[in-house]
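Excluded from the calculations below are hydrogen atoms, water molecules and symmetry mates; all remaining heavy atoms, backbone and side chain alike, are included. Numbering starts at 1 and runs along the sequence shown. Just so you know, ligand 1 is whichever comes first in the structure, and atom 1 is the first atom listed for that ligand.
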Amino acid sequence: MPTLVVQIAVPSPLRRSFDYLPPRGGEAAQLVPGCRVRVPFGRGQTVGVVLVVASQSRIAQTRLKRVLEVLDTEPLLPEELLSLLDWASAYYHHPIGEVVAAALPAALRQGRVPRARAVTAAPPATGLLTETPPTLHPPQAEAVQAVAAASGFQAFLLEGVTGSGKTEVYLRLIERVIAAGKQALVLVPEIALTPQLMERFTQRFSVPVALLHSGLSEGERLHAWRAARSGQAPIVIGTRSAVFTPLAHPGLIVVDEEHDLSFKQQDGFRYHARDVAIMRAQRAAVPVLLGSATPSLESLYNVRAGRYRHLLLPERAGRATAPRITVLDMRSTPAEGRVSRPLLVQMAATLKRSEQILVFLNRRGYAPTLICNACHWVATCERCDTRMVLSQRAQRLTCHHCGARRAADVVCPAPACGSTALYALGHGTERVEETLARHFPEAAVARMDRDTTRAKGALHALIEDVHAGRSQILVGTQMLAKGHHFPKVTLVGILDADQGLYGVDFRAPERMAQLIVQVMGRAGRGDASGEVVIQTHHPEHPLLHLLLARGYGAFAEAALAERAEASLPPYSALALLRAEAVDAHAPQAFLEAARAIAEEAGVAGVQLLGPVSAPMERRAGRTRAQLLLQAPRRATLHRLLERCLPHWEGLKLARRVRWSLDVDPMEMA
Ligand code: ADP
Ligand code: ZN
Ligand code: ZN
């Protein structure tokens, strides 16, 4: 019998697995892929996961070390998941050890032994439903039919405005999945949304729901993870990383708000949970449903290419009707601070009817700039190429990029100036809150942004205040746009629709359009119909005009045409090689060398753009640069990356910078 060799994923930044010999004694039979093992590594020991048991090693037998101990009697990660992790490691060009680690709760990564074994969830004897669901509208019924009829893998895009009944479609499908003895995995973008969705699920179903997000304690996470893996929890709800949760009996994957940027991990293992969800569904041979009021251009493109089936919910469910939209040209409209007079008039009328108002501005703080009236000195961050944001209440300046903070200047520090005429330029949510509180002294104005929701429970309290009617006006950033259901809100003001229209990132218009539509969706979700007031300095901007006049679908079509014209994603594949260092020259030098390697790799059809300075060249004291790789065909790009990575890693210059590779980057900075 040939000696067996075990390939093991070990948490290490090296882009490969490691070979070991089976342990002494008779444990070899237990060496099944997906089991954890304790192995010697470097000078110590570590816990790894068995990937493959092979009959031959790439390394001479005599140099191989032995597995010390097998920790599991059955695979912790099922084959379907292992194969997904293997794919993700290859696709994102990220070390397999770190990818596998992302699928395990910390306690298990450290070698603790889980107790729960796989069980088949018995159908609940008390009846599955704990409430009577509404009768589906025909488009909802069609959507449910289509997904339920899928045998094996099929991808669906469920597009419907906020309040059109997408969640109800998920609930009906999940009902069928549970009745068939299977599990549903539901991915949501934000922790803030999980309690709300959780409530809808626990109201409807009598079965356990496992919740997985970054706000859990390690104990809670392990508990939920086990319930998912054993099959005890037929419903698993979670944020991004929950896409790697093992399921005993996968039956359906749902990705809610699929366009949301928080599905993309922006550091370390840079994966996109929506894209991983599609691959997972394929491996598990189950349908996957992506839902959104504002689908990503990628998903709409996949619909066109015939890869996803498009399901539409054209109208709002319940009694709510679409809101009325007013566009104000701010070049000719009088305003108080950032808030136009016509909006103030509408707000007064809304308050008089005892209804509530949302005011959206995607910029937190009091003012984005503190400037000297005498010499035009501006408060900038010492470590970043950016201005410090003024917080009036705290009399503090903060850098939103590196977190640096200091007391706001009262005397101009510019040499030979010393003026005390420093003033706040521009408007953030804190200032708008002040403007509105002054204008409507009888109304309670609240603010929802990262500054006011940092403390544990603060966001929940803000939401409760709106629900209970204790706040009449809620000012906020994009947090407002995320799925909160406020039935008494009938007026939504968008103070600056132009943010992002002229951004450096080619995705900026798509994001802005999604944000505008999502915020608009907060108006009139209850019985009363809603109104939306949109302030802009560029009502003639073609994409904005299209969005407001003809809706998101027309916008998306035009935006896709622009992407095609410019050969940008989804009409090409991108990878971004980033580098940063305290030494101002090292990033460019590293990327020049990386580029030279790519040029010599002998893969035609990949364009190398750069290296160039990052849009914000200095951040947190480091100089940043990037090299963009673009190819019409994804396979070509991957071939190039595969060839280049070992050489990039071997570069001497690589040790003088922090560098990373981002496949399908969602942010170009
Ligand atoms: P979305 O997820 O698209 O925002 P929801 O599923 O939350 O929409 O539905 C919006 C509101 O309409 C909810 O209060 C929901 O209970 C209700 N609703 C959904 N479908 C129906 C239906 N077929 N009949 C009556 N009410 C419905
Ligand atoms: Zn000055
Ligand atoms: Zn800074």
Side-chain angles (χ1 to χ4, degrees), residues 131-144 158-174 186 188-189 193 196-197 199-201 203-204 254-258 289-295 311-322 369-389 397-406 409-423 425 481-487 517-518 520-527 580 616-624:
E131 64 175 9
T132 312
T135 308
L136 292 179
H137 298 303
Q140 284 176 313
E142 263 171 54
V144 170
L158 180 64
E159 180 176 0
V161 295
T162 312
S164 62
K166 296 184 294 296
T167 310
E168 187 57 43
V169 170
Y170 307 157
L171 289 167
R172 286 315 165 85
L173 285 166
I174 291 166
V186 182
V188 294
L193 294 186
Q196 287 182 55
L197 205 62
E199 215 176 284
R200 287 277 290 272
F201 282 72
Q203 232 171 56
R204 175 70 52 96
V254 174
V255 184
D256 192 26
E257 311 286 359
E258 65 87 25
L289 180 60
L290 313 179
S292 178
T294 52
L311 305 169
L312 276 165
L313 301 182
E315 279 162 16
R316 290 192 174 195
R319 274 171 294 181
T321 52
T369 306
L370 179 69
I371 190 168
C372 169
N373 210 4
C375 74
H376 301 295
W377 168 88
V378 162
T380 54
C381 178
E382 282 170 15
R383 309 172 68 215
C384 307
D385 291 333
T386 190
R387 294 172 177 190
M388 301 285 270
V389 175
L397 291 166
T398 309
C399 172
H400 283 180
H401 297 277
C402 73
R405 48 173 60 190
R406 57 185 169 89
D409 304 85
V410 280
V411 177
C412 176
C417 180
S419 165
T420 52
L422 299 179
Y423 69 100
L425 185 67
K482 307 251 171 158
H484 305 292
H485 177 58
F486 298 128
V517 174
Q518 296 282 346
M520 289 193 335
R522 306 298 131 207
R525 295 203 62 188
D527 293 342
E580 58 171 45
M616 182 183 295
E617 187 173 7
R618 225 165 53 90
R619 193 169 73 188
R622 293 166 177 274
T623 300
R624 307 153 72 227

With heavy-atom distances below 4.0 Å as the criterion, list the atoms of ligand 1 near K166.
1 (P), 2 (O), 3 (O), 6 (O), 8 (O)
Under 2.8 Å from the Zn ion (ligand 2), which protein atoms of type N, O or S occur, listed by chain and number?
C372 SG, C375 SG, C412 SG, C417 SG
Under 4.0 Å from a heavy atom of H137: which atoms of ligand 1 are those, numbered in the order shown and with their elements?
22 (C), 23 (N), 24 (N)
Between L313 and ligand 1, which part of the residue brings a heavy atom under 4.0 Å of the ligand: side chain, backbone, both or neither?
neither
Going by an N to O cut-off under 4.0 Å, is there a salt bridge joining E168 and R204?
yes
Are the side chain of S292 and the backbone of T294 linked by a donor-acceptor contact shorter than 3.5 Å?
yes
Keeping R619 on the side-chain end and C402 on the backbone end, is there a donor-acceptor pair under 3.5 Å?
no
Where on T167 is there a heavy atom closer than 4.0 Å to ligand 1, on the side chain, on the backbone, on both, or on neither?
both
Give the numbers and elements of all ligand 1 atoms closer than 4.0 Å to a heavy atom of T135.
22 (C), 23 (N), 24 (N)
Judged by atom type as modelled, is there a donor-acceptor pair below 3.5 Å linking the side chain of K166 to the main-chain atoms of G160?
yes
What I want to know is whether T162 and ligand 1 share at least one N or O pair that is separated by under 3.5 angstrom.
no
Nearest heavy-atom neighbours spanning R624 and M616:
NH1-O, 2.5 Å
Geometry only, no angles: is G165 polar-contacting ligand 1 at N/O separations under 3.5 Å?
yes
Ligand 1 contact by S164, heavy-atom criterion under 4.0 angstrom:
yes
To check you understand the geometry: which heavy-atom pair defines the closest contact between R622 and E580, and what is its length?
CD-OE2, 3.1 Å
Per-atom contacts, ligand 1 versus V161 - under 4.0 Å to a heavy atom
3 (O)
I want to confirm something. Looking only at heavy atoms, which of R200, Q140, E168, E257 is nearest to atom 13 (C) of ligand 1?
R200
Value rounded to 0.5 Å, distance of OG1 in T369 from CE in M388
12.0 Å
Any nitrogen or oxygen of P134, side chain or backbone, less than 3.5 Å from one on ligand 1?
no
Hey, which protein N/O/S atoms does the Zn ion (ligand 3) have under 2.8 Å?
C381 SG, C384 SG, C399 SG, C402 SG
